[in-house]
Amino acid sequence: MAWNTNLRWRLPLTCLLLQVIMVILFGVFVRYDPDADAHWIEERLGRNISSDMDNEFYYRYPSFQDVHVMIFVGFGFLMTFLQRYGFSSVGFNFLLAAFGIQWALLMQGWLHSFHSGYIVLGVENLINADFCVGSVCVAFGAVLGKVSPVQLLIMTLFQVTLFSVNEFILLNLLEVKDAGGSMTIHTFGAYFGLTVTWILYRPNLYQSKERQSSVYHSDLFAMIGTLFLWMYWPSFNSAVSHHGDAQHRAAINTYCSLAACVLTSVALSSALHKKGKLDMVHIQNATLAGGVAVGTAAEMMLMPYGSLIVGFICGIISTLGFVYLTPFLESRLRIQDTCGIHNLHGMPGIIGGIVGAVTAASANTQQYGQKGLAHAFDIDATKTTWTASMQGSFQAAGLFVSLAMALVGGLIVGVILKLPFWGQPADENCFEDAIYWEIPEDQKSLVSRSEDPTLRPTEP
Amino acid sequence: MAWNTNLRWRLPLTCLLLQVIMVILFGVFVRYDPDADAHWIEERLGRNISSDMDNEFYYRYPSFQDVHVMIFVGFGFLMTFLQRYGFSSVGFNFLLAAFGIQWALLMQGWLHSFHSGYIVLGVENLINADFCVGSVCVAFGAVLGKVSPVQLLIMTLFQVTLFSVNEFILLNLLEVKDAGGSMTIHTFGAYFGLTVTWILYRPNLYQSKERQSSVYHSDLFAMIGTLFLWMYWPSFNSAVSHHGDAQHRAAINTYCSLAACVLTSVALSSALHKKGKLDMVHIQNATLAGGVAVGTAAEMMLMPYGSLIVGFICGIISTLGFVYLTPFLESRLRIQDTCGIHNLHGMPGIIGGIVGAVTAASANTQQYGQKGLAHAFDIDATKTTWTASMQGSFQAAGLFVSLAMALVGGLIVGVILKLPFWGQPADENCFEDAIYWEIPEDQKSLVSRSEDPTLRPTEP
Amino acid sequence: MAWNTNLRWRLPLTCLLLQVIMVILFGVFVRYDPDADAHWIEERLGRNISSDMDNEFYYRYPSFQDVHVMIFVGFGFLMTFLQRYGFSSVGFNFLLAAFGIQWALLMQGWLHSFHSGYIVLGVENLINADFCVGSVCVAFGAVLGKVSPVQLLIMTLFQVTLFSVNEFILLNLLEVKDAGGSMTIHTFGAYFGLTVTWILYRPNLYQSKERQSSVYHSDLFAMIGTLFLWMYWPSFNSAVSHHGDAQHRAAINTYCSLAACVLTSVALSSALHKKGKLDMVHIQNATLAGGVAVGTAAEMMLMPYGSLIVGFICGIISTLGFVYLTPFLESRLRIQDTCGIHNLHGMPGIIGGIVGAVTAASANTQQYGQKGLAHAFDIDATKTTWTASMQGSFQAAGLFVSLAMALVGGLIVGVILKLPFWGQPADENCFEDAIYWEIPEDQKSLVSRSEDPTLRPTEP
């Protein structure tokens, strides 16, 4: 069977169909949160709120914008490291995220913001939608270069759905804390993506091996993504924490963890090269692992030195993963992980879940104060039996649930994506923008010099 | 007559002269707003404001910074898509914006912030100055590659002046709402720029056709501009709205409209290519049309699904414009629109004005609440005759005024810019950095390989 | 003696050792500020603070994020202008800043936030740590391309220490105002770096001259750095000012100064080129001098026109410096200043110190109001003898102390860095990523075409 990568009808129809459904569902279900509704002036006077400044907007919006940059520029440019896949990296990430946030507003809205028959939308919903899409961007990293934009939209549709269900189980049923999403975003996203790419295994991928590396300037573009992720990660981990000290503390802890992670990533990168040279792949990715791994515990009393230790360890593990584990996964387990998300999101996500469970289990009134402990873990009068170790156990359970959902979900979605009519590229055309994009002359000539994938008959 | 593009005296003298005038006018007229003046501590105690946190700075500054990024990085990098005009795109945008904001602070200050003989400056003035310059950046897109920096400074001087007058007519005389500037910024900027480029029509522009396209990495640089515009657009449309729910709602609506716009832009881009391939031009530009088109209505009760519909339509119209209308404008109407601003700002701006008028005309107390309606449309005791349909009519009138100002203003400024002593490039030297910039060796060799525009005698 | 640039053990051991020390010191000394501690809910009720919104986090965090972007993306990308040193510019800046902020948190913490045996950490500490590292990034600009990452870490260790001591002398002993760090950050950082590079003088640096220039796209990458520095500089100069009017005013003044600076930089750049062409080096650097030079006075009643004048002058002086002074410093004073930091941070920093002293010396109650003056200069009951001229003298003294600390400190650190075992490159291998980085194929072939620095035996 010949692969047909012409998306002329498949992509437009998919996009338009999904967008029409979004319009209809938004029309039926979505309204404004009281803080964003024109009735607010009456509402707030009724609630005896004196100032417009007490609108939730001012508490959350700056963090939202930082998270927004991470999703679109951060993830988008991080994946431009491939020499001939920059358009697709940035462009498909843009597409899937733009669809994903709409679907996430609905899914998360139904599960968390449904009041009197309507989803009410405020700035916190926007942040959570971006978070949800973050897990899709993570999974995209595993299949980067090997799937069509139609496949990505289908994957986004399913992954956002599963993410929201998993998040509901964790946050509402198990009542775990996971403000920065070590479990819900990173662990779930990574193992979902890895399972999908395992199902989509391509035995002849070596045929496009030469395009699977970077060029000098593509590595610099990728550093734009890395740095915006790294700089704004404190906002990511603090964006939906409780106002006040929790948000403040989450930012500080993340800042510390990320700083430590840079030093150990550099150390390992150099130590593992026979001439002591640094590898851009490690600098672009492993330096971020510290942000992933404090995603659960950042808002807790992890302490600055605790954050440093987490970052310290994750920089090491993540870099080791790139050097030893990724090749092993590919050759032995048939898991082709383009961006090495297992090292950046998978392992650090699990560590983050464990760190969160341990930190929660060791919480006490001395550290938090009586009121502080109740506030931090939302212990109200109804939870008379709450104990820290119980919270720790639920946290650990949440980690396992996320892993299970990721593996089962990834399996199902992977099989769906394997269907032969989504426009996926042949093995020798992977990691190639020219399949899906009108390409400028300079790059076209490069193609024709070696091999123009659009001119050759292609079979699997 | 030979074109002389040597700017050695013209550019320095223009810059220094303008800047000296700015210093003098600022010295005579500009002081600090009470919120930025050292007397504030007394002022606020007098006004019984208890906390420094109630300073306007904290309400507006984060939005200001986002808008600032859009003007300088957003517009600047969006225009770097040309293969040999990156320095000029970023650099001239930087120059004209740096001058424009100063002149806008004065012009808008005289018209809106003039108290006891002085312009008083606060953070909202900075945002409005950035907005005003935004319309110049839009117009710059139409003439990109075909004008000298001296011409751009002259154009900025006049356009900022006209913008401020038009804005005064709309906001103060017609009392229309246009917080995100669909009319004042985008419609005005686009049709002003299109008229200027129509006057400056170059019949032999085909001579520099090969430089009017992109190269692979220039398209990636342009995506930096696109994404920062796209991500921060919710801040743009909400930056000067009323505090509280209006600002909150404007951000949500813009977020929704932009998300929908991405999907329909991608759909149309693929559908209009014979092999279903995506075109970077559409992804870079049409995806932003949704932000333009909710510029007027975003702060109103447009509803999230209303925003999705607007974005949906604009993605389609904008992409269609790039494919069919831009070539038509160039071949039939002699309008050479380098960046396709008619598709990104012109048509979506008009749609935005219409959407705003319709949304305003259908406003009612059920949607807004009694107090909410009065607050949203600034209806105080003096406006006893206010009706929604009247507001709608004034909104529509504002759109026509903006168009008229743009066309007449563009005509006059175009004729001024046609004068032969501003250092404009010859037709075969358009879209070429080497005319105005000292160029690194790698790019110089490219020039000499084909044609060094600085070495050849050039005539019109 | 042959230079050995293999860092396999030196870099990993340095990184790991420093990071372990950080973990231990953080464990012993660092706790959370009350605003970031879980006890805050009790604390704030005790202090009768009604709302979580009064947490310091919301006053400072948006400014912190802007400053953070300036340090990592701003400085990092500004230095990517070199054609073959982009990885090192961004990567080493990342490394030294990640270490530097941790060490700065400790040093500044001991000197400014030490309570009952602990350093208490809040968002203002994060900003100050970024500021401190900013001065290291400045100094990095002088030695860019000529030192190893191990040397940079050693330099960071010492410079952060000296910075903190100098800052303590200025702010706590001399009680000067320097919110944007004209003296503590820019003057100190620049003259420290220049002294270090003077000690590290390389007589045969001409051997790597061809790599000391830019290529077309590296100049565009550098513009990303320039623009993010330029746009966020108002946040930099206002980030740690008093809440309310001071922060507001600092942002406005910086905005004005930077705008003026762009026009005079462009004017001079064109006027000093024989064909009137602009030089990217000036646009990338001199346009920022206005931000440096209002670093001290921005929060004072400098007035908008005062800011314009400062920016006006600095654009001229900085551009003149690049054209005339940098070559002179290199040929006559043996100061090899890779990025021209003397023009961007040195001279403008001194101007900033002087402007600050003069502005402070001319402060009066008419300008500030009685309470405003006391608030602006922290005059409490204990300072009965405070006069404006005295403040001005202390400001001037602060400038001299900063210069003295920079020169003496730079001398000592320079000598330490001259020791031959830090892995520094030979003269012909300077400005070359391939020494310290695994390089993609496309750039490798460039190396082998001319000269592969890793293959040739290298001696000093």
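Computed from a predicted structure; not experimentally measured. In what follows, every chain begins at residue 1, and chains take the letters A, B, ... in the order their sequences are listed.
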Rounded to the nearest 0.5 Å, what separation is found between the [atom1] atom of [X] and the [atom2] atom of [Y]?
{"X": "B/Ile24", "Y": "C/Leu308", "atom1": "CD1", "atom2": "CG", "answer": "11.5 Å"}
{"X": "B/Phe94", "Y": "C/Trp230", "atom1": "CZ", "atom2": "CH2", "answer": "5.5 Å"}
{"X": "C/Gln367", "Y": "B/Asp37", "atom1": "CD", "atom2": "CG", "answer": "9.0 Å"}
{"X": "B/Ile439", "Y": "C/Asp279", "atom1": "CD1", "atom2": "CG", "answer": "10.0 Å"}
{"X": "C/Ser241", "Y": "B/Phe57", "atom1": "OG", "atom2": "CZ", "answer": "8.5 Å"}
{"X": "B/Tyr61", "Y": "C/Ser238", "atom1": "OH", "atom2": "OG", "answer": "4.5 Å"}

(request) Go through the side-chain N and O atoms of B/Tyr32 and C/Asn253 and say whether any donor and acceptor fall under 3.5 Å apart. (result)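 Short answer, yes.
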
Provide the closest heavy-atom pair for [X] versus [Y] in the form atom of the first, atom of the second, distance.
{"X": "B/Ala98", "Y": "C/Ala259", "result": "O-CB, 3.6 Å"}
{"X": "C/Lys274", "Y": "B/Asn6", "result": "O-ND2, 4.0 Å"}
{"X": "C/Val262", "Y": "B/Leu95", "result": "CG1-CA, 4.0 Å"}

Considering only heavy atoms, which portion of [X] lies under 4.5 Å from any heavy atom of chain B: side chain, backbone, both, or neither?
{"X": "C/His243", "result": "both"}
{"X": "C/Tyr368", "result": "both"}
{"X": "C/Ala246", "result": "neither"}
{"X": "C/Thr287", "result": "side chain"}
{"X": "C/Cys261", "result": "neither"}
{"X": "C/Glu56", "result": "neither"}

(message) I'd like to know whether the aromatic ring centres of C/Tyr255 and B/His68 sit less than 6.0 Å apart in this structure.
(response)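 Distance test on ring centres: under 6.0 Å, yes.
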
(message) Using the ring pair (Phe, Tyr, Trp, His ring centres under 6.0 Å) criterion, which residues pair with B/Trp437? Sequence neighbours excluded.
(response)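 Listed in chain order: B/Phe87, B/Phe92.
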
(message) For C/Tyr58, give me all partners under ring pair (Phe, Tyr, Trp, His ring centres under 6.0 Å), at least two apart in sequence or on another chain.
(response)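 C/Tyr58 satisfies ring pair (Phe, Tyr, Trp, His ring centres under 6.0 Å) with A/Tyr59 only.
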
Under 3.5 Å: donor-acceptor pair, side chain of [X], backbone of [Y]:
{"X": "B/Gln65", "Y": "C/Pro62", "answer": "no"}
{"X": "C/Lys275", "Y": "B/Arg8", "answer": "no"}
{"X": "B/Glu42", "Y": "C/Gly369", "answer": "no"}
{"X": "C/His248", "Y": "B/Asp33", "answer": "no"}
{"X": "C/Tyr305", "Y": "B/Val30", "answer": "no"}

Side chain proximity check, [X] to [Y], heavy atoms < 4.5 angstrom:
{"X": "B/Trp9", "Y": "C/Ser270", "result": "no"}
{"X": "C/Met280", "Y": "B/Pro440", "result": "no"}
{"X": "B/Val90", "Y": "C/Thr226", "result": "no"}

(request) Just give me the residue among B/Gly122, B/Ala97, B/Ala36, B/Gly100 that pairs up with chain C most often, heavy atom to heavy atom, under 4.5 Å. (result)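 Top count of heavy-atom pairs under 4.5 Å with chain C: B/Ala36.
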
(request) Pick one of side chain, backbone, both or neither for B/Asn125, based on which atoms fall under 4.5 Å of a heavy atom in chain C. (result)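 It is neither, since no heavy atom gets under 4.5 Å.
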
(request) Examine whether an atom of B/Gln102 lies under 4.5 Å from a heavy atom of chain C, and if so say whether it belongs to the side chain, the backbone or both; otherwise answer neither. (result)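 Contact with chain C: side chain only.
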
(request) With a 4.5 Å heavy-atom cut-off (strictly below), which parts of residues 215-225 of chain C touch chain B? List them by number. (result)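 The list, in residue order, reads C/Val215, C/Tyr216, C/His217, C/Asp219, C/Leu220, C/Phe221, C/Met223, C/Ile224.
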
(request) Mind jotting down which residue pairs meet the salt bridge (Lys or Arg N to Asp or Glu O under 4.0 Å) criterion with at least one end in residues 245-268 of chain C? Sequence neighbours excluded, please. (result)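 Sorted result for residues 245-268 of chain C: C/Asp245-C/Arg249.
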
